[in-house]
Amino acid sequence: MSTNDATTPPAEAAGLPAIQVYNTLSREKEPMVTVQPGRVGMYLCGPTVYKPSHIGHMVGPVIFDTVKRHLSYSGWQVTWVVNITDVDDKLIAESSRRGISMTALAEEMTADYLENLAALGVTSIDEMPKATDHIDTIISFIEGLISKGFAYASDGDVYFDVQKDADYGKLTNRSVDAMQGEGGSTADRKRSAADFALWKKAKDGEPSWDSPWGPGRPGWHIECSAMSEAILGNHFDIHGGGLDLVFPHHENEIAQSESLHGCPMASYWMHNGLMQASGASGKVGGRPRDADDGEAASVEAQTAAKISKSTGAEPFKQLLARHEPEAIRMLLLSTHYRSPIHFGEEPLAESGRALEAFRRLFARSERISGTSFYNLPCRTRREGDTQIAAAGDEAAALRTRFLAAMDDDFNTAVAIASLFDYVRVVNKYIDQHQLEATKPEAELARLAALMRTLRELTGVLGLFLEAPQADGGADEALVAGLMELVIEIRANARKAKDFATADLVRDRLGSLSIVLEDRADGTGWSRKA
RNA sequence: GGCUCCGUAGCCAAGUGGCUAAGGCAGCGGAUUGCAAAUCCGCCAUCGUCGGUUCGACUCCGACCGGAGCCUCCA
């Protein structure tokens, strides 16, 4: 409970913690200094909505949702924007293949995307602008670039002139002349190969918008420059995306925005590692590249490849049918966000098992206190840290460790590790004070405080936000009733020292994936994960 | 070929120029239990290879081996 003392200083600026952020631009961690004190503007490149989203699409949102949670919790006012790309060559191709309008396709796939985000607890996005809602913004952005001499129209297309941009390539350390650029049919309309399209002339029958250069549609990169400016301003704080977007997408965004505005587009460029399809049989996709040489020392050179290039990229909905979203979120956060994540059935199952340690503690504490973890009131702001951290208190030290990890470039892996330690501390507390047998008031209050802090911290990670859905349907009550009956009968057998019967019951339930636990305060049951 | 990055225990995965190299899964031993389960306690790595810098490196530098990403629209 935050004892809200009246001595809180009026200005919050001094109270904000120091956060380190790894910046792709400088390739090092930098202290976070925001454009406006106390505020953070954050932009994440969202999906092109032409087919159902897969696990790879979820990585960025989960990570940046966690980033936002931590920054908000730490006292910043964060505005987070994720764009929806709803006009693009792939949308045109897919909608014509299916015989529906591009708009209908985009709406269908956007809905799919949103449902998936919600399942994973990604709830903190403030705005999701669509490219097609910002065509005017985009056109005037392009006009601005042309009038400043950074872009040129060419036969209905408009291209960015890379030669005019002195520091082009600074994000990815590339030189202009080493680049191929988008080739093919448009090559001859460009001044140099590395130039990229800001506006594309429409072919017959393609969706198009009127523009000073004739009917057409925006190029790939321009929408992010235009929409981030419209919502977050010329210079905002954090721009994120997958590592595969660094080039050309983000490089080109920088070229467009900084050429037009003459100031940095974003202070920090954060890129998440890519999901690797690994391990599990057959799902990996990509052909086993056979170097036909004789023997390889390692019998199986395990080929990993990013999800989006593998056949393992099943629709996220299907994945959700097999794994609970909490386990997926846990898996995504248990690796540092800049590292590749090895994805597969086994890692997923393992992170599901890891989750159980938390759930068992929640259940245990609820049995003792009568209050569900999910209903605990807890602090949602971290101000006043120092009051919590009573010296020598193991739990407080772990909370400090958790926060230090998050402050250090959002190190969720270390944060989670400290949470596992935290769970152990609470279990030990319950053991030592025998809270399941006797319930002294002071210790119960202490337990409640420990659990509130745990809820506070898991909330920063976006984990355990809500009680898991009871998956059973109408039979749920029936099963519960039957289990109560079975347990009662077995208890009688145990009382009569008829352990053969008691064990038979437990074994048979075990083969039905039901686990019995004989505790001091009675017998509980649960389904095996 | 150019540009990034990674290689830590059976598996997954943090981290550091010198102090006991986090945490999870699996495994082993103990406490507890009628027996289990759960919980707690304990055990389980010298950090890809070879050189170099340094009083000292797993942490810095170089080479090599292996893996990943980008160099036309993939988050």
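Every chain is numbered from 1, with letters handed out A, B, ... down the list of sequences.
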Applying salt bridge (charged side-chain N to carboxylate O under 4.0 Å, His left out) to A/E251 and A/R174, what does each step give before you reach the verdict?
CA-CA 10 Å; A/E251 191 73 77; A/R174 276 161 223 257; 5.3 Å; no

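- Checked against the 6.0 Å centroid threshold, A/H54 and A/F316 do not count as a close aromatic pair.
- Figure legend: cation-pi geometry between A/R191 and A/Y152, with NZ or CZ positioned under 6.0 Å from the six-membered ring centre and within 45° of its axis.
- Looking at A/R353, its side chain has no donor and acceptor atom pair within 3.5 Å of the base of B/G24.
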With 3.5 Å as the limit, what N/O pairs link the protein to nucleotides 40-45 of chain B?
unit_1: B/C40; atom_1: O4'; unit_2: A/D431; atom_2: OD2; d: 3.2
unit_1: B/C41; atom_1: OP1; unit_2: A/K428; atom_2: NZ; d: 3.0

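- Between A/F499 and A/D421, it is A/D421 whose nearest contact on RNA chain B lies nearer the 5' terminus.
- Side-chain rings of A/F196 and A/Y159 stay apart, their centers remaining 6.0 Å or farther from each other.
- Considering only side-chain atoms of A/L274, the nucleotide from B/C71, B/A14, B/A75 that sits closest is B/A75.
- Within a 6.0 Å sphere centred on CD of A/Q318, heavy atoms belonging to other residues, nucleotides or ligands number more than 12.
- Atom pair A/N492:CG and B/G34:P shows a separation of 17 Å (rounding to whole Å applied).
- For the C1' atoms, the distance from B/A36 to B/C43 is 23 Å, rounded to whole Å.
- Taking the six-membered ring wherever Trp is involved, the centroid distance between the rings of A/H250 and A/H221 does not fall below 6.0 Å.
- Every residue two or more places apart in sequence or in another chain that forms a side chain to side chain donor-acceptor pair (under 3.5 Å) with A/E115 is listed here: A/K317.
- Between the C1' atom of B/U33 and the CG atom of A/D503 lies a distance of 12 Å, rounded to the nearest Å.
- Protein atom CZ of A/R490 is 10 Å distant from nucleotide atom C1' of B/A37, rounded to whole Å.
- When the C1' atom is compared between B/C6 and B/G15, the two are found 15 Å apart, to the nearest whole Å.
- Not a single donor-acceptor pair, N or O on each side, falls under 3.5 Å between the base of B/G15 and the side chain of A/N411.
- Nearer the 5' end of RNA chain B, as judged by each residue's closest nucleotide, is the contact made by A/T172, out of A/T172 and A/G273.
- Counting atom types as modelled, A/R360 pairs no side-chain N or O with a base atom of B/A38 as donor and acceptor under 3.5 Å.
- Distance from the side chain of A/V59 is smallest to B/A75 among B/A36, B/A13, B/A75.
- Which of B/G23, B/A14, B/G34 sits closest to the side chain of A/A417 comes down to B/G23.
- A/R367 has its CZ atom 11 Å from the P atom of B/U39, to the nearest Å.
- For the pair A/H336 NE2 and B/A14 P, the interatomic distance rounds to 8 Å; values are reported in whole Å.
- Of the listed nucleotides (B/G24, B/U4, B/A75), B/U4 has the atom at the smallest distance from the side chain of A/R27.
- Distances from the side chain of A/A502 to the nucleotides B/G34, B/A14, B/C35 place B/G34 closest.
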